[in-house]
Amino acid sequence: MNIRAIASELHTIRDLVRWGVSQFNRAGLCFAHGMPDALDEAVYLCLATLHLPPDLDDDYFDCRLTHEEKRQVLENYKIRLSKRKPAAYITREAWFAGLSFYVDERVLIPRSPIAELVQQQFSPWINADKVEHILDLCTGSGCIAIACAHAFEQAAVVASDVSADALDVAAVNRANHGLEHRLQLIESDLFEDIPQQPFDIIVSNPPYVSEQEMNELDREFSYEPGKGLVAGKTGMDIVIPILQQAAGYLAGHGILVVEVGYSMPALVEMLPEVPFTWLEFAHGGEGVFLLTAEQLHACQQMFDAL
């Protein structure tokens with residue numbers, strides 16, 4: 001890519017975005033890390049590089065850029081095209097539930113549909129006024145836990161992860177959002193080191209990709225930590241222990257919310273009699289189930305038998 005030559009022919013933000021969309025589509029890039037298509041990714045990467053807000057008014061797209069600004073945007077486009085590195089790892093920023101988060105290759109890029117649930121305060125499944133304690137298992141960047149802390153301002157939030165590297169990233173985000181006093185970070189293998197207290201909400205976006213599926217994923221996924229994605233041959237190596245242990249940590253009115261993505265059929269086949277509620281999302285996404293504390297207790301023998 002001759003950046004100097006290309007920059008001489010492109011003049012505005014709109015020019016750069018249009019060129020980026022064409023190149024991204026031509027290269028057949030994978031858009032599965034928070035951006036639905038080439039247009040959204042080109043806009044995001046361009047604006048982030050220029051230190052402009054993601055909701056920039058359309059009138060600004062016809063502003064002319066300096067040569068240095070064009071060079072910086074094209075350099076980032078080049079990285080996206082040649083290395084197939086997801087845009088969030090290039091900018092070191094991702095958005096989740098309307099909030100900005102620092103990310104790098106130590107954590108998955110936030111993209112869970114659980115964001116929609118958090119913004120709705122998990123309605124109608126729980127009374128938001130009664131939520132005092134929330135647990136986020138496999139927190140990664142801390143995005144779900146931090147979004148919950150914003151949505152439930154009266155609640156104390158615990159976020160755990162088995163990865164010390166991930167918790168270092170979560171600590172950066174906790175500080176950036178000023179939540180040191182309300183968000184506790186714990187290095188723990190699921191519930192192993194979690195304080196034995198009743199949580200009103202336990203939420204988790206754990207690893208759920210099978211070993212075979214991991215081998216079939218696009219190159220973009222290779223930048224993410226494998227331990228944050230893969231969970232054994234069926235993808236259920238983390239989900240099943242969560243189901244087996246969650247009841248002991250839920251308040252009587254509490255709920256468990258877990259994302260299993262496209263491993264949903266494997267879980268249903270494994271536990272056909274469990275009354276999972278599979279949640280629907282206005283903005284897309286699937287494979288997130290909800291169980292009440294009562295349902296978890298009723299199904300405990302089925303979980304323990306696995």
Side-chain angles (χ1 to χ4, degrees), residues 28-36 41 80 83-97 101-115 117 136-147 159-170 173 185 187-192 202-243 256-270 278-279 281 284-289:
L29 299 183
C30 169
F31 306 106
H33 292 86
M35 300 293 164
E41 185 130 333
R80 182 68 181 96
K83 298 184 177 181
R84 298 183 75 100
K85 179 182 285 192
Y89 286 150
I90 299 173
T91 64
R92 293 291 190 247
E93 180 186 39
W95 289 80
F96 181 83
F101 293 92
Y102 170 82
V103 294
D104 60 32
E105 287 85 347
R106 291 175 290 178
V107 296
L108 301 185
I109 296 170
R111 52 186 179 272
S112 173
I114 289 174
L117 288 175
D136 174 24
L137 290 174
C138 309
T139 193
S141 65
C143 62
I144 292 178
I146 289 169
S160 72
D161 205 290
V162 71
S163 166
D165 284 341
L167 290 174
D168 286 342
V169 175
N173 286 315
L185 300 176
E187 185 175 345
S188 177
D189 186 356
L190 296 182
F191 292 97
E192 187 174 310
I202 298 177
V203 59
S204 183
N205 179 16
Y208 57 73
V209 178
S210 70
E211 293 171 356
Q212 179 180 345
E213 288 167 334
M214 185 64 194
N215 293 329
E216 298 170 353
L217 291 177
D218 289 286
R219 182 180 170 189
E220 280 84 349
F221 289 91
S222 67
Y223 286 93
E224 297 188 293
K227 290 183 179 180
L229 290 167
V230 182
K233 291 184 178 180
T234 65
M236 293 292 102
D237 284 8
I238 308 298
V239 174
I240 295 305
I242 290 176
L243 288 170
L256 171 69
V257 176
V258 180
E259 179 174 347
V260 296
Y262 44 73
S263 291
M264 176 176 66
L267 181 61
V268 172
E269 182 179 356
M270 194 176 294
W278 295 101
L279 303 175
F281 301 94
E286 60 181 2
V288 177
F289 71 75

message: Quick check: do Arg106 and Ser163 have side-chain heavy atoms less than 4.5 Å from each other?
response: no
field: Heavy-atom side-chain contact between Leu243 and Phe289 under 4.5 Å
entry: yes
message: Could you check whether any side-chain heavy atom of Ile109 comes within less than 4.5 Å of a side-chain heavy atom of Phe101, counting everything from C-beta outward?
response: no
task: For residues Ala32 and Phe221, report the shortest heavy-atom separation together with the two atoms involved.
output: CB-CZ, 3.7 Å
task: Examine distances only and state if a side-chain atom of Ser160 and a backbone atom of Ser188 form a donor-acceptor pair shorter than 3.5 Å.
output: no
message: Keeping Asn173 on the side-chain end and Ser141 on the backbone end, is there a donor-acceptor pair under 3.5 Å?
response: yes
field: Student check: side-chain heavy atoms of Glu213 and Tyr262 closer than 4.5 Å
entry: yes
- prompt: Within a radius of less than 6.0 Å around CD of Glu286, do more than 12 heavy atoms belonging to other residues, nucleotides or ligands occur?
  reply: no
message: On a heavy-atom basis, which atom in Ala164 and which in Glu187 lie closest, and how many Å separate them?
response: CB-OE1, 3.8 Å
- line: All heavy atoms of Ser204 vs all of Asp136, minimum pair found to be CA-OD1, 4.3 Å
query: Is there side-chain contact between Tyr102 and Val169, with heavy atoms separated by less than 4.5 Å?
result: yes
- line: Taken to the nearest 0.5 Å, the spacing of Ile202 CD1 from Phe191 CZ works out to 4.5 Å
- request: Hey, could you give me the CD1/CZ distance between Ile90 and Arg80, rounded to the nearest 0.5 Å?
  value: 6.5 Å
- request: Count the heavy atoms of every other residue, nucleotide or ligand shown that sit under 6.0 Å from CD of Glu216, and state whether that count exceeds 12.
  value: yes
- line: Hits for side chain to side chain contact (heavy atoms under 4.5 Å, CB included) against Val162, two or more places apart or cross-chain, chain-then-number order -> Asp189
task: Taking the side chain as every heavy atom from C-beta outward, state whether Leu137 and Pro206 have any pair of such atoms under 4.5 Å apart.
output: no
- request: Go through the steps to decide whether Thr234 and Met270 satisfy the test side-chain contact (heavy atoms from CB on, under 4.5 Å), and finish with yes or no.
  value: CA-CA 10 Å; Thr234 65; Met270 194 176 294; 4.2 Å; yes
- prompt: Do Ile240 and Leu267 come close enough that some side-chain heavy atom pair is under 4.5 Å?
  reply: yes
task: Identify whether the distance between the nearest side-chain nitrogen and carboxylate oxygen of Glu220 and Lys83 falls below 4.0 Å.
output: no
- prompt: Taking C-beta and beyond as the side chain, do Thr139 and Leu167 meet within less than 4.5 Å on heavy atoms?
  reply: yes
- prompt: Which pairs count as salt bridge (charged side-chain N to carboxylate O under 4.0 Å, His left out) when at least one residue sits in residues 222-239, sequence neighbours excluded?
  reply: Arg111-Glu224
